[in-house]
Amino acid sequence: MDVAPNWYLALSAVLFTIGTFGVLFRRNAIVVLMSVELMLNAVNLTLVTFSQSMGDPSGQLLVFFSIAVAAAEAAVGLAIVIAIFRSKVTVDITEINLFKH
Amino acid sequence: MFFLLATVAVAAALGMLIARNPVSSALWLVLNLFCIAGLYLTLNASFIGVIQILVYAGAIMVLFLFVIMLLNLSALPGLEEIEWSSVGGFAVGLALLSQLLYVVALQFELGMDPVGAEAAAEVGSAASLGEILFTRYALHLQVAGILLLAATVGAVLLAQRRFQ
């Protein structure tokens with residue numbers, strides 16, 4: 001590794017913050033789910049950086065399981081989006097207020 | 001190499017944040033995921049880099065694009081006027097970024113000396129990760145398999161349901 005680990009951690013922080021902005025600002029539910037994936041990726045980058053600089057493979061196995069859980073989360077989240085779209089014909093998260101009534 | 005990939009990754013993430021059309025958002029995210037896979041390769045983590053391309057850029061993003069195509073979405077209108085909740089969200093995000101960068105910039109002592117590139121490549125190889133995955137983490141692997149099965153069944157059931 002030719003670059004100090006701190007650069008990877010700083011990049012991970014920037015990507016996580018961009019993902020947070022996506023969750024807070026975007027109104028499309030699918031784009032919000034994609035922003036969550038971006039945040040998961042930023043955390044995975046931190047884990048791999050520490051794992052490789054300490055020579056401990058456990059961190060990379062945690063990333064492996066994290067990718068599996070992210071796949072499950074994307075499948076269930078998109079299924080919920082499809083179910084809501086079929087009844088309300090929108091994916092605008094300001095229009096989805098099923099718990100309000 | 002790191003700075004090239006990092007710049008493209010941040011630019012692609014910003015493109016995902018700004019793009020109006022969800023399809024272009026998804027394509028920017030695919031570029032971002034490829035850049036992160038390249039960063040894993042610069043860290044000598046070859047196994048995780050390949051898994052990142054196969055699972056994230058290959059499977060998950062195809063699922064996202066498939067759902068976008070299925071729903072036939074038009075671009076949503078943006079925010080017309082400045083809302084106070086948006087300003088609050090912006091302040092929260094900036095506070096988060098400054099806090100994270102401050103912690104990194106402190107050059108905190110981790111009490112570790114980084115291992116060399118050869119040792120790191122040996123740790124990140126598929127052989128060493130596979131050996132520990134099927135011995136020490138065998139139970140976790142089976143639990144992950146059950147979780148994926150449950151998520152698949154749940155996704156099919158949820159996609160059939162119609163909310164009132």
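Proteins come first, then strands; the chains are lettered A, B, ... in the order of their sequence lines, and each starts at number 1.
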Q: Chain A heavy atoms under 4.5 Å from B/I60: which part of the residue, side chain, backbone, both or neither?
A: side chain

Q: Side chain, backbone, both or neither: which part of A/L45 has a heavy atom under 4.5 Å from chain B?
A: both

Q: Can you tell me how the ring of A/F21 sits relative to the ring of B/F90, calling it parallel under 30°, perpendicular over 60° and tilted otherwise?
A: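 Ring orientation of A/F21 relative to B/F90: parallel.
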
Q: Does anything in residues 146-154 of chain B reach chain A? List residues with heavy atoms under 4.5 Å apart, or say none.
A: B/L147, B/L148, B/A151

Q: Do A/F85 and B/V67 come within less than 4.5 Å of each other through their side chains, counting heavy atoms only?
A: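 Not in contact.
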
Q: Looking at chain B, which one of A/G22, A/G19, A/A75 has the largest number of heavy-atom pairs inside 4.5 Å, strictly under?
A: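 When all of A/G22, A/G19, A/A75 are compared, A/A75 has the most.
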
Q: Heavy-atom distances under 4.5 Å only: say whether B/V55 touches chain A with side chain, backbone, both or neither.
A: side chain

Q: Taking only residues two or more places apart in sequence or in another chain, which ones pass ring pair (Phe, Tyr, Trp, His ring centres under 6.0 Å) with B/F134?
A: none

Q: Using the ring pair (Phe, Tyr, Trp, His ring centres under 6.0 Å) criterion, which residues pair with B/Y137? Sequence neighbours excluded.
A: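 So B/Y137 forms a ring pair (Phe, Tyr, Trp, His ring centres under 6.0 Å) with B/H140.
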
Q: Mind checking ring pair (Phe, Tyr, Trp, His ring centres under 6.0 Å) for A/F65 and listing every partner two or more places apart, or none if nothing turns up?
A: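 Listed in chain order: nothing, the list is empty.
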
Q: Report which part of B/A26 has an atom under 4.5 Å of a heavy atom belonging to chain A: side chain, backbone, both, or neither.
A: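 Both parts, heavy atoms under 4.5 Å.
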
Q: Is there a donor-acceptor pair under 3.5 Å between the side chain of A/Q60 and the backbone N or O of B/I48?
A: no

